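Everything numeric here is computed off the predicted structure, so don't read it as measured data. Protein chains get the first letters and strands the later ones, always in sequence-line order, with residue 1 at the start of each.
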2 protein chains.
Amino acid sequence: MPPTPGRRFKTAIYEQFARVSKALASAHRVELVELLAQGPRTVDALARMADMTLANTSAHLQVLRGAGLVESTREGLFVTYRLPDPSVADLLLAVRKVAEARLAEVAKVTRAFLAANSQLEPVDEAALRARVRRGEVTLLDVRPPEEFASGHIPGALSVPLPALVKELARLPRRREVVAYCRGPYCVLAIEAVKQLRARGFKAVRLEEGVLDWAARGLRVERTGA
Amino acid sequence: MPPTPGRRFKTAIYEQFARVSKALASAHRVELVELLAQGPRTVDALARMADMTLANTSAHLQVLRGAGLVESTREGLFVTYRLPDPSVADLLLAVRKVAEARLAEVAKVTRAFLAANSQLEPVDEAALRARVRRGEVTLLDVRPPEEFASGHIPGALSVPLPALVKELARLPRRREVVAYCRGPYCVLAIEAVKQLRARGFKAVRLEEGVLDWAARGLRVERTGA
DNA sequence: CCTTTAATCAATAAACTACTAGAGTAGTCA
DNA sequence: TGACTACTCTAGTAGTTTATTGATTAAAGG
């Protein structure tokens with residue numbers, strides 16, 4: 001039997017929804033979107049950060065663009081990709097939330113990794129805010145400087161992980177250090193805390209990243225253009 | 001070169017996220033989740049509502065269950081599927097929002113269908129609430145009665161579309177009628193408004209469904225168990 | 001003009017996915 | 001017990017997606 005007009009309409013709409021989900025239906029593409037949520041990037045920077053070949057990265061970015069999840073502009077030799085609007089970041093957070101709620105494996109994998117790296121006590125966000133305001137803790141953003149520039153937690157210092165050791169001298173020894181990076185599954189802050197502790201600092205990790213911070217309606221600071 | 005432990009961890013996590021997205025990466029599965037967001041259903045009810053074969057519906061439901069997006073219990077002959085928690089409905093809304101923001105085609109398809117059905121003026125939600133409270137409009141929930149039971153907008157009357165014509169006598173002629181169903185892309189209310197108008201009622205459609213209503217933090221009424 | 005670098009395209013093989021038809025299982029009821 | 005209903009599983013086919021390779025295009029600079 002032929003489909004009714006109502007069925008035709010439904011199918012068309014659901015296909016559009018599926019198209020969006022399909023775009024995030026690959027681990028590589030999720031990673032690319034997560035990276036782009038921290039700020040715009042060139043294809044080649046993304047390829048290096050995600051440990052993928054250039055051609056493969058380009059191909060995946062085009063799938064994402066086809067679904068409207070990213071947009072791109074050419075600037076000289078480079079093509080820069082970015083998220084077109086905040087709803088894409090919200091979608092990423094929604095996926096993460098479902099994954100956390102429903103897939104025991106996420107928790108299992110996380111715990112296994114954190115244990116292997118003797119990583120402890122993710123910090124409570126509400127308590128932190130008060131302590132940062134009172135100057136009791138040093139808040140470090142250990143992501144690359146461009147990501148800091150395109151949005152960071154107010155009061156944070158930009159100390160990219162590779163520069164951490166050199167910058168140590170400038171940090172007050174007594175004060176506790178809180179480090180954060182892209183979010184609960186980003187490894188930069190984990191590594192930073194490990195290094196800080198090895199050098200005698202009292203250091204903990206903030207689980208949340210800027211994305212989570214913003215999603216709670218909290219203010220985000222921006223530098224430069 | 002061998003992957004670092006950090007890379008291994010990232011890949012494992014992103015694969016879990018992708019698994020969730022993958023579950024919604026098919027028009028059929030999106031439809032099933034949307035139906036389940038209105039309340040629990042048996043496989044066979046879902047198959048009929050989504051115009052799919054029983055075997056195919058069962059297969060898709062199992063993909064969804066594998067990703068943790070639905071859960072099922074057997075009750076006698078019937079297996080009932082349901083959404084395990086509200087984060088799944090939130091995910092659906094996030095997908096819809098991105099699709100609306102990014103895919104011009106959604107808007108195009110919608111407008112085409114609504115025009116073909118001479119459907120007009122989706123109603124403003126804030127204004128509606130006040131008018132319902134003052135008794136100026138009759139608010140109709142035209143979904144099947146089980147969906148009404150598992151959650152509806154406060155003050156709404158359950159008048160399933162197939163029963164609409166019979167129930168007309170009980171509606172005050174003078175008062176404007178507002179009909180809603182599952183959400184902006186559900187066709188039940190569109191059809192209801194068409195029938196009401198053909199019989200001389202002043203009728204408009206409320207775009208939002210119960211899901212959207214709840215997502216705004218507004219109260220939802222529940223009947224029975 | 002030729003070279004270099006960034007990105008994309010084209011072609012392929014391997015790996016998945018969707019759907020159907022038909023067989024099989026679990027539970028109900030006479 | 002046997003007939004029946006709701007659902008799941010199996011196998012097979014068709015179609016889609018993925019990563020890789022090497023070729024190609026686009027811009028910048030000597």
Side-chain angles (χ1 to χ4, degrees), chain A residues 1 3 7 11 14-33 35-36 40-67 69-82 146, chain B residues 1-3 7 10-11 14-33 35-36 40-67 69-82 146:
Chain A
M1 52 177 177
R7 166 52 48 195
T11 307
Y14 290 129
E15 255 157 26
Q16 298 309 316
F17 292 3
R19 196 169 142 195
V20 169
S21 294
K22 222 173 205 165
L24 282 186
S26 127
H28 281 323
R29 289 196 292 268
V30 173
E31 180 162 12
L32 292 174
V33 171
L35 288 170
L36 289 173
R41 279 285 170 292
T42 65
V43 179
D44 153 306
L46 289 168
R48 265 180 288 109
M49 293 203 257
D51 296 310
M52 301 165 62
T53 64
L54 191 66
N56 197 16
T57 305
S58 175
H60 279 297
L61 286 169
Q62 272 165 81
V63 173
L64 287 169
R65 194 175 43 197
L69 296 203
V70 306
E71 54 187 29
S72 65
T73 51
R74 178 152 216 144
E75 282 145 30
L77 268 183
F78 296 85
V79 174
T80 301
Y81 280 80
R82 62 181 57 73
E146 319 88 73
Chain B
M1 52 183 176
R7 166 52 49 194
K10 278 188 205 166
T11 307
Y14 289 129
E15 254 157 25
Q16 297 310 315
F17 291 3
R19 197 169 142 196
V20 168
S21 295
K22 221 171 202 163
L24 282 185
S26 125
H28 280 325
R29 290 197 292 268
V30 172
E31 179 162 13
L32 291 174
V33 170
L35 288 170
L36 288 173
R41 279 286 171 290
T42 64
V43 179
D44 156 300
L46 289 168
R48 263 178 292 107
M49 292 202 256
D51 296 309
M52 301 165 61
T53 65
L54 191 65
N56 198 14
T57 304
S58 176
H60 279 296
L61 286 169
Q62 272 165 78
V63 173
L64 287 169
R65 194 173 45 197
L69 296 202
V70 308
E71 55 186 30
S72 65
T73 50
R74 179 153 215 144
E75 281 146 30
L77 268 183
F78 296 85
V79 175
T80 301
Y81 280 80
R82 62 181 56 74
E146 319 88 74

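- Under the rule for a ring-ring contact (aromatic ring centres under 6.0 Å, His included), the partners of A/F17 that lie at least two apart in sequence or sit in another chain are B/Y185.
- Not one side-chain nitrogen or oxygen of B/S58 sits closer than 4.0 Å to the OP1 or OP2 atom of D/dC7.
- Judged by distance alone, with hydrogens and angles left aside, the side-chain atoms of A/R29 form no donor-acceptor pair with the main-chain N or O of B/A18 at under 3.5 Å.
- For B/L46 and D/dT8, the CG to C1' distance is 15 Å, given to the nearest whole Å.
- Residues forming a side chain to side chain donor-acceptor pair (under 3.5 Å) with A/T11 (at least two apart in sequence, or on another chain): none.
- Regarding B/L64, its CG atom lies at a distance of 16 Å from the C1' atom of D/dT8, rounded to whole Å.
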| field | Per-nucleotide protein contact string for nucleotides 17-30 of chain D (B base, S sugar-phosphate only, - none; heavy atom under 4.0 Å) | value | SSSSB----BBS--
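- Taking atom CG of B/L54 as the reference point, atom C1' of D/dC7 lies 6 Å away to the nearest angstrom.
- Interface limits on DNA chain C: the 5'-most and 3'-most nucleotides within less than 4.0 Å of chain B heavy atoms are C/dT17 to C/dT28.
- Nucleic acid contact for A/T57: none, since no nucleic acid atom lies under 4.0 Å from a heavy atom of the residue.
- Rounded to the nearest 0.5 Å, atoms CG (B/L46) and NE2 (B/H28) are 13.0 Å apart.
- Here the CG-CD distance, from A/L61 to A/E71, works out to 13.0 Å after rounding to the nearest 0.5 Å.
- Partners of A/T42 under the side chain to side chain donor-acceptor pair (under 3.5 Å) rule, at least two apart in sequence or in another chain, do not exist in this structure.
- The OG atom of A/S72 sits 11.0 Å away from atom CG of A/L64, with the distance rounded to the nearest 0.5 Å.
- A/R7 is linked by a side chain to side chain donor-acceptor pair (under 3.5 Å) to B/E31, B/D51, counting only residues two or more places apart in sequence or in another chain.
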